[in-house]
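Heads up, the thing below is written out as structure tokens.
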Amino acid sequence: MLSLVVLVSGQGSNLRSLLTASEDAEFPARVVAVGSDRDDAGGLAVAEEFGIPTFTVAFSSFDDRAEWGDAMLEQITQWQPDLVILSGFMRLFPPRVVDALSPNMINTHPAFLPEFPGAHGVRDALAAGVEQTGASVIVVDNGVDSGPIIARERVPVVPGDTESSLHDRIKIVERRLLIQAVLDIANAHIDLKELATA
Ligand code: GAR
């Protein structure tokens, strides 16, 4: 059984779908804790609804990113997770944290990476006027959404799309890719170490 720590900054709809999937006794992974960089993240309430322990290490309480990262790492490692999932976690970790957790830390992103990395993947795709964007799951490295790609899929942009309508459609694909990635990692169909060193 793969143990997971999931980190969120937002509403946690992808977290909800992962927690729902893991209610199935056959699902080979369990979320042991959910953490956030902000105490008002809706994802924390989602975790509580499912009876999952939560922790918050507020970015605003620290003088610099390195100190915040160390505090975050301490909280994460307490749970001894096999895998850390960034699911709408909107902060970059300092290198010390990435190096400590790599390659067992993955991230979901609402674009077909390496297209449109960063905090506004959906908005940037709309602004670029592309006909299709996508969803990706990657291994976290020290760049911005630049790690090895585990899975990605195209999502069409349709006339009249707003950032919100497009993001909602992307998230449907993202959730499926994330759950499949967790299954593949748990069943050793994907070797993160191999991916990260390829
Ligand atoms: C997801 O689309 C995730 O890929 C994105 O935030 C959303 C979180 O939604 N993450 C990023 O943009 C990271 N660069 P949720 O809180 O409803 O799961």
Side-chain angles (χ1 to χ4, degrees), residues 4-23 29 31 33-50 52 54-56 58-59 65 68-69 72 83-94 97-98 101-102 105-128 130 132-158 161-182:
L4 313 173
V5 165
V6 182
L7 302 182
V8 294
S9 302
Q11 67 182 48
S13 67
N14 289 358
L15 167 68
R16 179 181 292 282
S17 80
L18 184 60
L19 287 170
T20 303
S22 64
E23 282 185 326
V31 179
V34 171
S36 185
D37 58 317
R38 44 192 303 164
D39 54 20
D40 61 350
L44 294 171
V46 172
E48 279 156 22
E49 207 183 294
F50 282 77
I52 309 293
T54 63
F55 60 87
T56 301
F59 187 78
R65 184 176 300 275
W68 166 77
M72 202 73 196
L83 184 68
V84 177
I85 299 177
L86 308 188
S87 183
F89 187 67
M90 302 307 280
R91 297 253 175 224
L92 286 181
F93 274 135
V97 177
V98 176
L101 299 173
S102 173
M105 178 155 65
I106 68 175
N107 183 29
T108 63
H109 185 72
F112 194 82
L113 288 170
E115 298 169 5
F116 309 115
H120 304 291
V122 182
R123 190 185 306 171
D124 294 346
L126 268 183
V130 292
Q132 49 178 5
T133 177
S136 308
V137 180
I138 61 169
V139 181
V140 177
D141 69 2
N142 276 310
V144 178
D145 299 321
S146 56
I149 291 165
I150 299 171
R152 60 183 178 167
E153 195 172 306
R154 284 292 183 189
V155 175
V157 179
V158 301
D161 252 341
T162 60
E163 185 175 348
S164 156
S165 67
L166 179 56
H167 202 167
D168 284 350
R169 225 166 43 256
I170 290 171
K171 281 189 192 180
I172 294 169
V173 176
E174 246 187 275
R175 291 172 193 140
R176 178 164 42 73
L177 294 183
L178 174 62
I179 288 167
Q180 189 59 48
V182 170

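We count ligands from 1, going down the list as the structure has it; atoms in each ligand are counted the same way.
For Thr20, there are no side chain to side chain donor-acceptor pair (under 3.5 Å) partners at least two apart in sequence or on another chain. Taking the side chain to side chain contact (heavy atoms under 4.5 Å, CB included) definition, one finds that Ala29 meets it with Leu2, Leu4, Phe27, Val182, sequence neighbours left out. Evaluation of the ring-ring contact (aromatic ring centres under 6.0 Å, His included) rule for Phe93 yields Trp68, Phe89 as partners, not counting sequence neighbours.
Shown are Asp39, Val34, Asp37; of these, the side-chain contact (heavy atoms from CB on, under 4.5 Å) with Thr56 is made only by Asp39.
Using a 4.5 Å heavy-atom threshold, the side chains of Gln132 and Phe112 count as separate. Considering only heavy atoms from C-beta on, Met90 stays 4.5 Å or farther from Arg38 through its side chain.
For ligand 1, residues of the protein lying within 4.0 angstrom by heavy-atom distance are Gly10, Gln11, Gly12, Ser13, Asn14, Gly88, Met90, Thr108, His109, Pro110, Gly118, Asp145, His167, Lys171, Glu174.
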